[in-house]
Amino acid sequence: MDDLFPETRERLSLSSGAVLLGGFAQAEAQALLHAVELITQQAPFRHYRVVGGGRMAAAMTACGEYGWVSDEQGYRYVRTDPLTGRPWPALPSLFLALAGRAAQAAGYAGFVPQCGLINRYAPGAGMGPHQDRDEHTMEAPVVSVSLGLSALFQWGGARRQDACRKVPLHHGDVVVWGGPSRSHFHGVLPVRSAQSGTGLGCRYNLTFRVVD
DNA sequence: AAGTCACG
DNA sequence: ACCA
């Protein structure tokens, strides 16, 4: 388990099935950011609408077999980027390797994501508590990778009204939630601008999922 | 409401 | 509460 994350700084049990892994190598973070740059050249960041008409504060794009979109038909996964009309950019092997490694370290072997969502949080942007329930299967875990500015992750329970625990997430942290925690509510408090060692002016979050 | 705003 |  531990040898899969040799750079791990800390390991924090969140609840049944959810794990926070801390700190992969800086060189790997730079490679991940470079991959993000290449993806966003093909599938630009955009702001989706939430049900009800509001605008999501986080800018989003995706890579892999499926991408998450929000449109007049609701929240769903599609194989074609509605913005470009082209398939989503391929999941870089670096993403596949990191996601598989993190999932295995958290106790979920054989994780092969079909979707890599990329969320960009400018200072002030956050995401309210919600469940990830648009995937057709909930068997596989969600793997979440934090890059750039730090943020407070809100980790809730199975019900919206359950208390949320605030977990600081920093550049290089990975959160994995599966099993009973797969459908737990979670969100991100508005990101605050700060001088971080990364020099990045925003937070990037990569989330990896199996869709069907 | 995966958002925003008003009001106590 | 709002009423997409």
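Below, chains carry the letters A, B, ... as their sequence lines are ordered, and counting in each starts from 1.
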What is the distance, rounded to the nearest whole Å, between atom [atom1] of [X] and atom [atom2] of [N]?
X	N	atom1	atom2	answer
A:Tyr48	B:dA1	OH	P	21 Å
A:Gln154	B:dG3	CD	C1'	14 Å
A:Phe153	B:dA2	CZ	P	15 Å
A:Arg55	B:dA2	CZ	C1'	14 Å
A:Met56	B:dA1	CE	P	14 Å
A:His130	B:dA2	NE2	P	8 Å
A:Met60	B:dG3	CE	P	11 Å
A:Arg160	B:dA1	CZ	C1'	7 Å

Side chains of [X] and [Y] only: does a donor on one sit below 3.5 Å from an acceptor on the other?
X	Y	result
A:Arg203	A:Ser146	yes
A:Tyr66	A:Asp212	yes
A:Asp132	A:His186	yes

- Beyond-backbone contact of A:Phe111 with A:Pro141, side-chain heavy atoms, under 4.5 angstrom: yes
- Query: Can you find a heavy atom in the side chain of A:Leu20 that is under 4.5 Å from one in the side chain of A:Leu169?
  - Reply: yes
- In chain order, what residues pass the side chain to side chain donor-acceptor pair (under 3.5 Å) check against A:Thr198, with sequence neighbours excluded? A:Ser196
- Message: For A:Ser150, give me all partners under side-chain contact (heavy atoms from CB on, under 4.5 Å), at least two apart in sequence or on another chain.
- Response: A:His170
- Do A:Asp134 and B:dA2 have a side chain to base donor-acceptor pair shorter than 3.5 Å? yes
- Task: Pick base, sugar-phosphate or nothing for A:Tyr75, based on heavy-atom distances below 4.0 Å to the nucleic acid.
- Result: base
- Message: Suppose you measure atom C1' in B:dC5 against the same atom in B:dA1; what distance do you get, rounded to whole Å?
- Response: 13 Å
- Note on the structure: Pairs under 3.5 Å (Watson-Crick or G-U), crossing ones as [ ], inter-strand ones as |: DNA chain C comes out as ||..
- Are the ring of A:Phe185 and the base ring of B:dA2 both nearer than 5.5 Å at their centres and tilted by less than 30°? no
